[in-house]
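All heavy atoms count here, side chains included; hydrogens, waters and symmetry mates do not. Keep in mind that this is a model prediction, so the values were computed, not measured.
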Amino acid sequence: LRLLSLSSSILLSLQVTHALWPQPHSIQTGFSALRLAPQTSFTITVAFPNPPADLLAAVARTRTYLFTDTLARLVPSHGAEDLPTLANASTKALPGLTLRLEAEGAVQGEGEGVSNGDGVVVAREIAVEARAGIEEREEGYWLDVPAEGSGAVLSARSTLGLFRGLNTFAQLWFSYGESEEDCDGADAGDDGDGVVVYTLSAPVTIQDAPAYPYRGFMLDTARNYSPLSDIERTLDAMSWVHLNTFHWHIVDSQSFPLVVPNYTDIAQKGAYSSQSVYTPQDVAHIVSYAGARGIDVLVEIDTPGHTSAISKAHPEHVACAEATPWATYANEPPAGQLRLASPATINFTVGLLSAVAEMFPSGLFSTGGDEINARCYADDAQTQRDLDGRTLEQALDAFTQATHGALRKLGKTPVVWEEMVLNYNLTLSNDTIAMVWISSSDAAAVAAKGFRFIHAASNSFYLDCGAGGWVGDNPTGNSWCEPFKTWQNAYTFDPKASLSDAEAKLVLGGQHLLWTEQSGPENLDPIVWPRAAASAEVFWTGGGGNVSTALPRLHELGYRFRRRGVRAISLQPEWCALRPFACDLTA
């Protein structure tokens, strides 16, 4: 048994030499050493004319990462034992990488482009590909890295697929470097600075595509404001693990930082300060930055609940604004909900959501719909007059039909929290997408109603859980979703649990979420990374992974993130990270 365990450990250790995250659907590797040619001569060539600017920028970033990650193998020697092999004359150097766009993946169009023999095709921007319909995005790629010294080839049917492949290619390599007197760079094939960039797993052949079309991350920027630089860094990290949707919970009861054209008074009075806002220019920048990294931006304006901040500019539209005791009227302070039965408030909300929709090019738009407090409306005299004999559910239905109807006219597909499907009898279009958040066990009920849905369950994917209570004057309080949600919890999530084969087809994917009652710029990275990478692999590869073999790969991802400026938290003592499986419970 000991021999078997040792053999398994050796085999798994070899797998770490190509510790990719997320793990590709199909990967074949060898046992040959292969160096990258020095930075001065290594090339990445785009083998089709008129490549879009965002693809060229991605190529440049990839080339930079290859020679600046300087990530050593996670072994006690940091790879020193690899030097004799790398210095051997038989060890080849990879001269470059060629990118090829398959003609089937481009679109017919006017202007210059790649000829496929029967017409002109145009290679679209990564950003355009990333905003395609949720089930129409083409993210697959093929990567071939030979061992004998000829160039590597990356092929895809879209620029978005090429982008995913570039991120995978950049993860294949390790570095080893010592001072010039300790390492003969010429013999080892170094880059001129005593650093060798290499793999021990050549040749490498990968065929890859996502199991699910939606792979996201949600960030709440209303409870605590996130500067643009934090959002940019988060988008970078998301792109490195093939996440493709930034769910931006941009406003809430606590603050309204979004400056909306024709509704600027809401942010002027509802943001924390004039500096803690997102202008239309800021939004355009984030949308562009995300798009260039293969990420769509799904904005959420939660309605009719979670809207207290609007009362600062428009008290006429908000019931029980900052009413006390807050726990009677809301799930957390401050209380306040849109007067959903008021015709004037409906018109106001339709106009507001339509103006926001014009700021975001995504085909998806979330109107929220969670945690509606009935007592708030029962105690609001104006709402009771506006109901005029209708039930609250009937008023919510009319409100939702009006807001969703306006969004549909602008080409948006509504996204809602699960209560809108499960708690009320509303007229929702069949293509409405639900986010299952209260419990993963609710997924089956949503599926039974025939709606497509996204896994966002608090019992697996809420990153804020387990930090203790944040409500004041409550010394024994805990967060409502205790305990802390580990990466292992998310990694072992089964997207198809308790679903029939037909219901499983309604799963679009899933995401981690960060509600920021206790988070801000000072702790954003450690709270999110590398835990959020767990769901990235679940919904790219399809779930069913093994936490023991995943941990060494996740260690490496965390180290690589830190090399790139993302402050991912350590998962174990470094002694364990350098000795895969030595710290397992049964080791």
Side-chain angles (χ1 to χ4, degrees), residues 10-21 23-24 27-45 59 61-98 143-154 165-180 182-206 240 552-553 555-557 559-564 577-578 580:
I10 292 172
L11 177 61
L12 294 173
S13 295
L14 287 172
Q15 292 177 351
V16 178
T17 63
H18 52 85
L20 305 178
W21 199 285
Q23 189 82 322
I27 178 170
Q28 296 177 323
T29 62
F31 300 95
S32 296
L34 179 69
R35 296 180 286 103
L36 280 190
Q39 185 173 5
T40 53
S41 60
F42 181 82
T43 60
I44 301 180
T45 303
V59 166
R61 289 196 303 273
T62 301
R63 198 175 185 282
T64 298
Y65 294 147
L66 290 172
F67 296 99
T68 60
D69 279 357
T70 57
L71 177 66
R73 280 209 301 127
L74 295 188
V75 293
S77 71
H78 305 290
E81 69 267 34
D82 303 333
L83 284 180
T85 300
L86 297 173
N88 191 299
S90 64
T91 299
K92 303 298 183 181
L94 186 74
L97 172 68
T98 298
L143 177 61
D144 180 36
V145 181
E148 83 285 355
S150 59
V153 176
L154 171 62
L166 282 170
N167 280 299
T168 296
F169 180 80
Q171 290 186 31
L172 286 171
W173 310 95
F174 296 94
S175 299
Y176 184 81
E178 295 179 323
S179 63
E180 289 295 327
D182 292 331
C183 176
D184 188 340
D187 287 343
D190 67 68
D191 191 42
D193 295 317
V195 176
V196 189
V197 182
Y198 67 99
T199 180
L200 299 179
S201 301
V204 180
T205 302
I206 293 173
W240 300 332
R553 293 189 295 111
H555 274 312
E556 183 192 308
L557 184 74
Y559 277 79
R560 194 177 296 277
F561 270 31
R562 291 190 287 274
R563 298 297 297 176
R564 296 182 184 182
L578 297 177

Distance from [X] atom [atom1] to [Y] atom [atom2], nearest 0.5 Å?
{"X": "Leu172", "Y": "Leu200", "atom1": "CG", "atom2": "CG", "answer": "12.0 Å"}
{"X": "Arg61", "Y": "Thr68", "atom1": "CZ", "atom2": "OG1", "answer": "12.5 Å"}
{"X": "Arg73", "Y": "Thr199", "atom1": "CZ", "atom2": "OG1", "answer": "9.5 Å"}
{"X": "Asn88", "Y": "Arg35", "atom1": "CG", "atom2": "CZ", "answer": "10.0 Å"}
{"X": "Gln171", "Y": "Leu557", "atom1": "CD", "atom2": "CG", "answer": "6.0 Å"}
{"X": "Leu34", "Y": "Glu148", "atom1": "CG", "atom2": "CD", "answer": "9.0 Å"}

Heavy-atom closest pair, residues [X] and [Y]:
{"X": "Val195", "Y": "Ser175", "value": "CG1-CB, 4.0 Å"}
{"X": "Ala37", "Y": "Pro95", "value": "CB-CA, 4.0 Å"}
{"X": "Pro146", "Y": "Ala152", "value": "CD-CA, 3.9 Å"}
{"X": "Arg553", "Y": "Ala19", "value": "CG-CB, 3.5 Å"}
{"X": "Leu71", "Y": "Tyr559", "value": "CD1-CB, 3.5 Å"}

Thr70 meets the side-chain hydrogen bond (donor to acceptor under 3.5 Å, both in side chains) criterion, sequence neighbours left out, with Arg563
Quick one: list whatever passes side-chain hydrogen bond (donor to acceptor under 3.5 Å, both in side chains) with His78, sequence neighbours left out. none
Sorted by chain and residue number, the ring pair (Phe, Tyr, Trp, His ring centres under 6.0 Å) partners of Tyr65 (sequence neighbours excluded) come out as Trp240
The criterion is ring pair (Phe, Tyr, Trp, His ring centres under 6.0 Å); which residues satisfy it with Phe169, sequence neighbours excluded? Trp173
Once salt bridge (Lys or Arg N to Asp or Glu O under 4.0 Å) is applied, do any residues pair with Asp69, and if so which ones, sequence neighbours excluded? Arg560, Arg564
Where at least one partner belongs to residues 194-205, residue pairs that pass salt bridge (charged side-chain N to carboxylate O under 4.0 Å, His left out), sequence neighbours excluded: none
Are Ile206 and Leu20 close enough, and set up right, to give a side chain to side chain contact (heavy atoms under 4.5 Å, CB included), and what steps lead you there? CA-CA 11 Å; Ile206 293 173; Leu20 305 178; 3.7 Å; yes
Without hydrogens or angle criteria, can the side chains of Asp82 and Tyr176 be said to hold a donor-acceptor pair below 3.5 Å? no
I'd like to check Val75 versus Leu578 (side-chain heavy atoms, cut-off strictly below 4.5 Å). Are they in contact? no
Does Phe174 reach the side chain of Glu556, with side-chain heavy atoms less than 4.5 Å apart? yes
Under the criterion side chain to side chain contact (heavy atoms under 4.5 Å, CB included), which of Asp144, Thr168, Leu97, Val145 is the partner of Leu154? Leu97
